[in-house]
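All values reported here derive from a predicted model rather than from experimental measurement. Counting begins at 1 with the first residue of the sequence.
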Amino acid sequence: MRLLAVGLNHRCADVSLRERLAFDGPKLQEGLKALRALPEVQEVAVLSTCNRVEIYAAAREPQQAAQAIKGFLSSFHQVPPEDIKDTLYVHTDQEAVRHVFRVASSLDSMVVGEPQILGQLKEAFQLALQERTSGVLLNRLLKKAISVAKRVRTETRIAENAVSISFAAVELAQKIFTDLGDKAVMLLGAGEMAELAARHFISAGVRHMVVANRTYERGLQLAQEFRAQAVRFEEFLQAMLQVDIVLCSTGAPQYVLSKAELHEVMLRRKQRPMFIIDISVPRNIDPACQRLDNVYLYDVDDLQGVVDANLGQRKKEAQRAEEIVAQEVEVFERWRDSLQATPTIVALRRMAEEVKERELRKLLNRVQLDEAQKEAVSYMATAIVNKLLHPPTVALKNSHEDRQELIALLRKLYSLQAEQ
């Protein structure tokens with residue numbers, strides 16, 4: 001049995017094509033069952049995310065299986081074959097193993113080190129188990145991929161350090177205040193970046209959050225999602241008296257907070273420190289605010305510097321992760337290689353058992369023995385068979401370089417006919 005991975009990702013296909021081939025909603029379960037029904041495919045799992053659509057399969061003839069899977073993707077999603085023929089990649093055997101391990105470890109992700117892909121792979125594996133579309137080979141592959149990803153995260157720092165603007169903002173806040181659990185945060189604006197930052201702040205332990213947005217209803221919606229307090233935009237200066245951190249992303253074409261306004265706020269706060277992150281382009285906070293005592297103001301360029309530095313660090317960690325993947329691929333390949341010996345071992349044992357049973361019957365037909373004696377003779381015959389089979393069995397399991405030669409030799413010596 002051979003392994004293959006067929007698919008496309010963010011590197012080779014734009015989002016419009018990825019959307020057309022995505023297995024979303026009920027399509028995933030339906031598509032998984034239909035793929036398993038293909039005569040060329042013996043085992044299958046489907047990984048479908050916003051950045052990739054991949055089919056992992058076990059098949060006797062990988063080239064035929066790959067063609068069948070490509071044809072299925074075209075017909076199932078009603079996408080003309082010419083739209084995907086130059087886009088889909090196919091990895092087989094060792095390269096398929098390496099690819100799956102790299103995907104699980106987020107080495108193939110748009111953002112190296114992101115954690116979501118491992119959870120998505122686990123869900124894909126769980127569905128394959130639930131629908132019974134995977135078997136010995138894929139079960140072992142996907143379990144190993146999950147353990148490889150965990151090893152990468154344990155032994156490297158690939159998932160550390162902010163690599164998004166919103167996450168970098170939270171990381172900087174933690175450096176200034178250390179513990180965010182008792183700090184209050186204001187989101188000035190309620191767009192996508194503010195929503196992402198809110199999630200990161202909550203993960204960092206923030207329990208009190210205020211949302212101020214020009215469209216109050218949108219601000220209220222975001223506040224309800226994160227159990228925060230919503231205030232009207234024109235009231236945000238008053239609300240700033242009670243917060244420690246402000247993240248601004250209003251998208252306004254001019255400053256929404258001047259130095260004079262912030263100076264008044266700081267006086268009323270009795271100069272308690274305030275950390276302000278302006279991720280708006282153009283900037284919405286007057287840069288002159290930075291000159292005020294106890295005000296720590298950062299803009300998107302400051303954060304981008306943090307992101308770039310952290311991306312560089314992740315790339316260094318990715319090199320170590322690649323080494324781990326290479327080690328684990330070798331381990332998996334040794335296991336997969338050992339499977340080739342299994343049919344020969346089974347055939348050898350079957351042949352030996354048949355000889356044993358035949359000779360026992362001959363003996364018992366010639367000699368009168370009581371039950372205890374019969375049991376003793378049978379036990380001795382079984383022990384002899386086991387001892388004779390042990391050396392060739394161990395040799396087949398442990399050999400690597402010369403396994404094929406040993407298999408061929410044993411089959412010739414004992415006329416074994418089992419299929420490999």
**Message:** Pair Leu4, Val6 - check side-chain contact (heavy atoms from CB on, under 4.5 Å), show working.
**Reply:** CA-CA 7 Å; Leu4 69 155; Val6 181; 3.7 Å; yes
**Request:** Evaluate the side-chain contact (heavy atoms from CB on, under 4.5 Å) criterion for residues Phe332 and Phe101: first the C-alpha distance (whole Å), next the side-chain angles of each, then the deciding distance (0.1 Å), finally the verdict.
**Result:** CA-CA 10 Å; Phe332 185 86; Phe101 287 2; 4.1 Å; yes
**Asked** Given the rule in the side-chain contact (heavy atoms from CB on, under 4.5 Å) test, do Tyr89 and His99 qualify, once you have shown the distances and angles that lead to the verdict?
**Response** CA-CA 11 Å; Tyr89 45 74; His99 178 75; 4.0 Å; yes
**Asked** Between Asn51 and Thr49, is a side chain to side chain donor-acceptor pair (under 3.5 Å) present by the stated rule, with each step listed?
**Response** CA-CA 5 Å; Asn51 285 329; Thr49 74; 5.6 Å; no
**Request:** Would you check, one step at a time, whether the test side-chain contact (heavy atoms from CB on, under 4.5 Å) holds for Ile146 with Leu118?
**Result:** CA-CA 7 Å; Ile146 293 168; Leu118 180 56; 4.2 Å; yes
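Residues satisfying the side-chain contact (heavy atoms from CB on, under 4.5 Å) criterion with Glu95, sequence neighbours excluded, are His91, Arg98. Arg11 is linked by a side-chain contact (heavy atoms from CB on, under 4.5 Å) to Asn9, Asp108, counting only residues two or more places apart in sequence or in another chain. Not counting sequence neighbours, the partners of Arg151 by the side chain to side chain donor-acceptor pair (under 3.5 Å) test are Glu155, Gln327, Glu328. Contacts of Arg214 classified as side-chain contact (heavy atoms from CB on, under 4.5 Å), with partners at least two apart in sequence or in another chain: Phe233, Ala252, Gln254, Val256. With sequence neighbours left out, Glu43 forms a side-chain contact (heavy atoms from CB on, under 4.5 Å) with Ala58, Leu137, Leu138. The ring-ring contact (aromatic ring centres under 6.0 Å, His included) test applied to His77 returns Phe23, not counting sequence neighbours.
Summarising the local packing, CD of Glu225 is surrounded by more than 12 heavy atoms from other residues, nucleotides or ligands at distances under 6.0 Å. The number of heavy atoms from other shown groups lying within 6.0 Å of OH (Tyr216) is above 12. The 12-atom threshold is not exceeded at CZ of Arg60, counting heavy atoms of other residues, nucleotides or ligands nearer than 6.0 Å.
The existence of a salt bridge linking Lys85 and Glu82 is excluded, since no basic side-chain nitrogen approaches an acidic carboxylate oxygen closer than 4.0 Å. A salt bridge links Glu371 with Lys374: at least one charged nitrogen is closer than 4.0 Å to a carboxylate oxygen. Using a cut-off of 4.0 Å between Lys/Arg side-chain N and Asp/Glu carboxylate O, Glu353 and Arg350 are scored as not salt-bridged. A salt bridge is defined here as a Lys NZ or Arg NE, NH1 or NH2 lying under 4.0 Å from an Asp or Glu carboxylate O, and Glu330 with Arg334 meets this definition. Between Glu359 and Lys362, at least one side-chain N (NZ, or NE/NH1/NH2) sits under 4.0 Å from a carboxylate O, which counts as a salt bridge.
Summarising the geometry, atom CZ belonging to Arg349 is positioned 13.0 Å from atom CG belonging to Leu416; distances are rounded to the nearest 0.5 Å. For the atom pair CD of Glu375 and CG of Leu369, the computed distance is 12.5 Å after rounding to the nearest 0.5 Å. The CD1 atom of Ile345 sits 5.0 Å away from atom CG of Leu396, with the distance rounded to the nearest 0.5 Å. Annotation: the span from Glu235 atom CD to Arg232 atom CZ amounts to 7.0 Å, rounded to 0.5 Å.
Listed here is the closest heavy atom pair of Ala145 and Val100: CB-CG1, 3.8 Å. Nearest heavy-atom pair across Leu32 and Ala45 is CD1-CA, 3.9 Å. Ala104 and Ala149 get closest at one heavy-atom pair: O-CB, 3.3 Å. Minimum heavy-atom separation, Ile158 to Ala318: CD1-CA, 4.0 Å. Across every non-hydrogen atom of Glu54 and Val103, the tightest pair is OE1-CG2, 3.8 Å.
Using a 4.5 Å cut-off on side-chain heavy atoms (C-beta onward), Val90 and Lys70 make contact.
For the 3.5 Å distance criterion, the side chains of Gln242 and His208 fail to qualify, holding no donor opposite an acceptor.
Listed for the Asp286 side chain is no donor-acceptor partner under 3.5 Å among the backbone atoms of Leu257.
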